[in-house]
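Notes follow once the structure below has been shown.
We name chains A, B, ... by the order of the sequence lines, and we start the count at 1 in each one. Worth knowing before you read on, the calculation uses all heavy atoms, side chains too, and leaves out hydrogens, waters and symmetry mates.
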Amino acid sequence: MRLKNVETGWLMTMKETRRNRMALILFFVIPTVFYAVIFLITTHRPISFHLASVSQEAFVTVSQMNEALVFIGLAAVGILTSFLALHLTQKHAEVNRRLILCGYRTTELLASKFLALVTVIALIGCYVGAITPLFFRPQRFVFVLLGFVMAGYVYGAYGMFVGAIFRRELEGILFIVLLANLDIGWLQNPIYYADAQNKFIIRHLPAYFPSQLSMVSAFTDQSVLRPFLGSLAYGTILLAAALVLYSRRMRLWK
Amino acid sequence: MNGPPTTQQPDVLLEVRNVRKSFGRRRVLRDVSFHLSSGLIVGITGENGAGKTTLLRIIVGLLAPDSGAVTRGARIGYCPQDLAVFETLTVRENFSFFASAYGLDRQGHDKPWVESMNELCRRFRFASYQNALVSTLSGGTKQKLNFALSVLHDPGLLILDEPYSGFDWETYLQFWEYAEERKSLGLSILIVSHFVYDRSKFDAVLELKEGCLRCA
């Protein structure tokens with residue numbers, strides 16, 4: 001892999017993203033609206049739930065609003081990054097293939113897109129993390145932030161994976177909505193999964209580890225090494241699968 | 001230059017042997033063979049849907065043939081029929097991106113591609129748009145950029161799919177002047193078009209009909 005090509009690709013992708021002003025504004029408006037809605041509709045009534053990644057006996061009792069704020073922050077980051085990743089992977093497919101024909105390597109193109117995605121994930125994650133203390137103070141703020149970034153990493157990789165499978169936008173969007181709504185938008189909320197009859201599916205969904213990383217950090221002092229490593233592994237596997245599929249789609253016949 | 005060569009000659013830049021391609025039950029290319037030597041301008045013509053673009057996509061490597069082989073003896077410059085440029089980048093940024101793909105930005109610090117870009121922009125009369133976003137350009141100017149990107153790296157073999165659709169008359173003439181100049185330096189050009197306006201510009205014109213190539 002030639003780093004100069006990755007750098008050029010990253011720079012150009014960032015320029016394109018920066019010029020899409022409305023999308024850029026929405027990246028910051030959507031989490032703010034999500035937070036505002038939670039702030040307006042929930043109360044500080046205490047709720048108790050079991051955190052899936054800590055010991056079976058451990059129940060935490062926290063404010064309903066605080067729990068909902070962490071959950072909605074994760075959902076905002078995951079959904080936004082998956083759509084952005086889908087867009088980056090699907091857009092300009094023919095021009096990207098022409099670039100490969102001209103000498104770019106598939107790995108260089110995908111790496112540059114991923115770097116651009118990481119840059120945006122970091123910005124969104126930090127923004128969401130920065131506004132979180134306005135509403136409540138988590139126990140370990142830095143790890144909550146790390147959970148947001150890992151949600152972006154896992155769902156960004158998932159968006160790239162979906163973008164590498166589907167050529168058309170609508171199918172990709174529907175596929176992302178299918179999983180994101182079920183997973184990061186519903187089942188990973190401890191209020192839902194704590195009473196679930198069967199937790200096997202929930203524990204194997206992409207947002208499980210990042211959600212646990214943020215929730216455990218926000219409300220306990222338990223170790224978050226396992227959810228962090230789990231997030232890293234899940235995202236990396238999805239990313240590797242995306243690379244294989246993207247390379248197949250972009251391959252040239254010599 | 002037409003017909004199936006059995007051995008590759010030293011000045012042959014492109015050799016297509018017994019290429020076949022079907023989409024489902026529809027056989028688009030039945031048994032296409034030809035070779036292209038250096039310093040020639042060859043046209044391939046045919047009706048809409050005759051398989052011209054399919055043949056070109058196989059030649060450059062974007063599509064796999066069902067059978068047959070393609071041998072390329074020079075660095076290719078390819079200009080696709082549909083615009084393949086980044087609309088949300090400027091003209092200059094597009095050149096920069098493609099220069100990176102061609103490896104031109106690694107040849108020292110003085111960016112030699114900038115000189116080529118300036119020359120191409122001046123020649124095809126879109127120098128004043130270098131800092132404009134491609135999305136704001138007219139269709140003809142986008143087509144000029146589409147073409148210019150395919151010759152930035154000074155290729156030995158130029159493969160053009162409907163290159164002058166959208167060109168104004170002055171640019172059309174400029175295109176042929178450029179083609180003649182490059183030809184005299186040994187560059188070969190393969191042009192696919194459903195219209196061949198001026199046969200005298202071509203060294204040979206082949207017609208793709210019912211999946212086979214014939215001299216037109």
Side-chain angles (χ1 to χ4, degrees), chain A residues 1-25 27 84 87-113 115-117 120 167-169 246-254, chain B residues 19 21 56-72 75-90 92-107 109 111 113 133-136 142 145-147 149-153 155 159 161:
Chain A
M1 195 185 308
R2 294 158 297 187
L3 290 179
K4 176 77 182 155
N5 279 9
V6 176
E7 185 197 335
T8 306
W10 171 75
L11 204 66
M12 296 301 170
T13 311
M14 286 312 294
K15 282 182 179 181
E16 285 201 284
T17 309
R18 199 190 69 206
R19 282 175 188 144
N20 197 347
R21 285 201 190 120
M22 187 48 78
L24 216 55
I25 291 167
F27 284 144
L84 176 67
H87 174 75
L88 288 178
T89 316
Q90 283 187 331
K91 200 184 172 195
H92 303 315
E94 276 307 302
V95 199
N96 286 328
R97 202 137 185 247
R98 188 179 180 187
L99 277 178
I100 290 168
L101 191 66
C102 295
Y104 249 93
R105 290 180 192 149
T106 315
T107 45
E108 291 164 357
L109 267 184
L110 203 67
S112 62
K113 286 174 191 299
L115 272 182
L117 183 69
V120 179
R167 286 174 194 274
R168 283 178 296 199
E169 204 174 26
Y246 192 73
S247 302
R248 239 184 107 74
R249 200 170 129 189
M250 290 287 167
R251 74 183 152 180
L252 299 175
W253 305 90
K254 296 292 179 187
Chain B
V19 163
K21 182 72 184 175
L56 239 60
R57 287 173 70 83
I58 289 172
I59 288 172
V60 297
L62 288 173
L63 199 62
D66 294 337
S67 64
V70 175
T71 311
R72 308 165 198 101
R75 197 162 188 201
I76 286 181
Y78 170 59
C79 177
Q81 180 179 10
D82 296 324
L83 287 174
V85 296
F86 292 95
E87 297 257 351
T88 41
L89 293 179
T90 65
R92 192 187 170 87
E93 286 163 354
N94 267 281
F95 274 107
S96 170
F97 212 161
F98 276 81
S100 186
Y102 291 132
L104 302 176
D105 60 348
R106 289 184 289 276
Q107 297 171 357
H109 301 290
K111 294 187 177 177
W113 63 268
L133 284 179
V134 174
S135 57
T136 64
K142 286 178 187 174
L145 172 65
N146 199 32
F147 168 72
L149 292 174
S150 64
V151 294
L152 182 67
H153 60 309
I159 295 175
D161 195 352

* Structure fact -> The reported gap from OG1 in B:Thr88 to CD in A:Glu16 (rounded to nearest 0.5 angstrom) is 3.0 Å
* State the OH-SG distance between B:Tyr102 and A:Cys102, to the nearest 0.5 angstrom. =>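 Taking OH in B:Tyr102 and SG in A:Cys102, the distance rounds to 3.5 Å.
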* Structure fact -> Heaviest contributor of heavy-atom pairs below 4.5 Å to chain A, chosen from B:Gly77, B:Ala84, B:Ser150, is B:Ala84
* Asked: Given the options B:Val70, B:Leu89, B:Thr90, B:Leu133, which has more heavy-atom pairs under 4.5 Å with chain A than any of the others?
  ->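 Maximum pair count with chain A is reached by B:Leu89.
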Partners passing side chain to side chain donor-acceptor pair (under 3.5 Å) against [X] (at least two apart in sequence or in another chain):
X: B:Arg75; value: none
X: A:Lys15; value: B:Glu93
X: A:Tyr104; value: B:Ser100

* To do: Could you tell me which non-hydrogen atom of A:Leu101 sits nearest to which non-hydrogen atom of B:Val60, and how far apart they are?
  => CD1-O, 3.2 Å
* Select one option (side chain, backbone, both, neither) describing which atoms of A:Arg2 are under 4.5 Å from chain B's heavy atoms. => side chain
* To do: Evaluate the side-chain proximity of A:Met12 to B:Phe86: yes if any heavy-atom separation is below 4.5 Å, no if none is.
  =>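 They are not in side-chain contact.
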* Residues in residues 91-98 of chain A that sit under 4.5 Å from chain B, counting heavy atoms only ->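 So the qualifying residues are A:Lys91, A:His92, A:Glu94, A:Val95, A:Asn96, A:Arg97, A:Arg98.
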* Who wins among A:Leu252, A:Thr8, A:Leu99 for the most heavy-atom pairs under 4.5 Å with chain B? -> A:Leu99
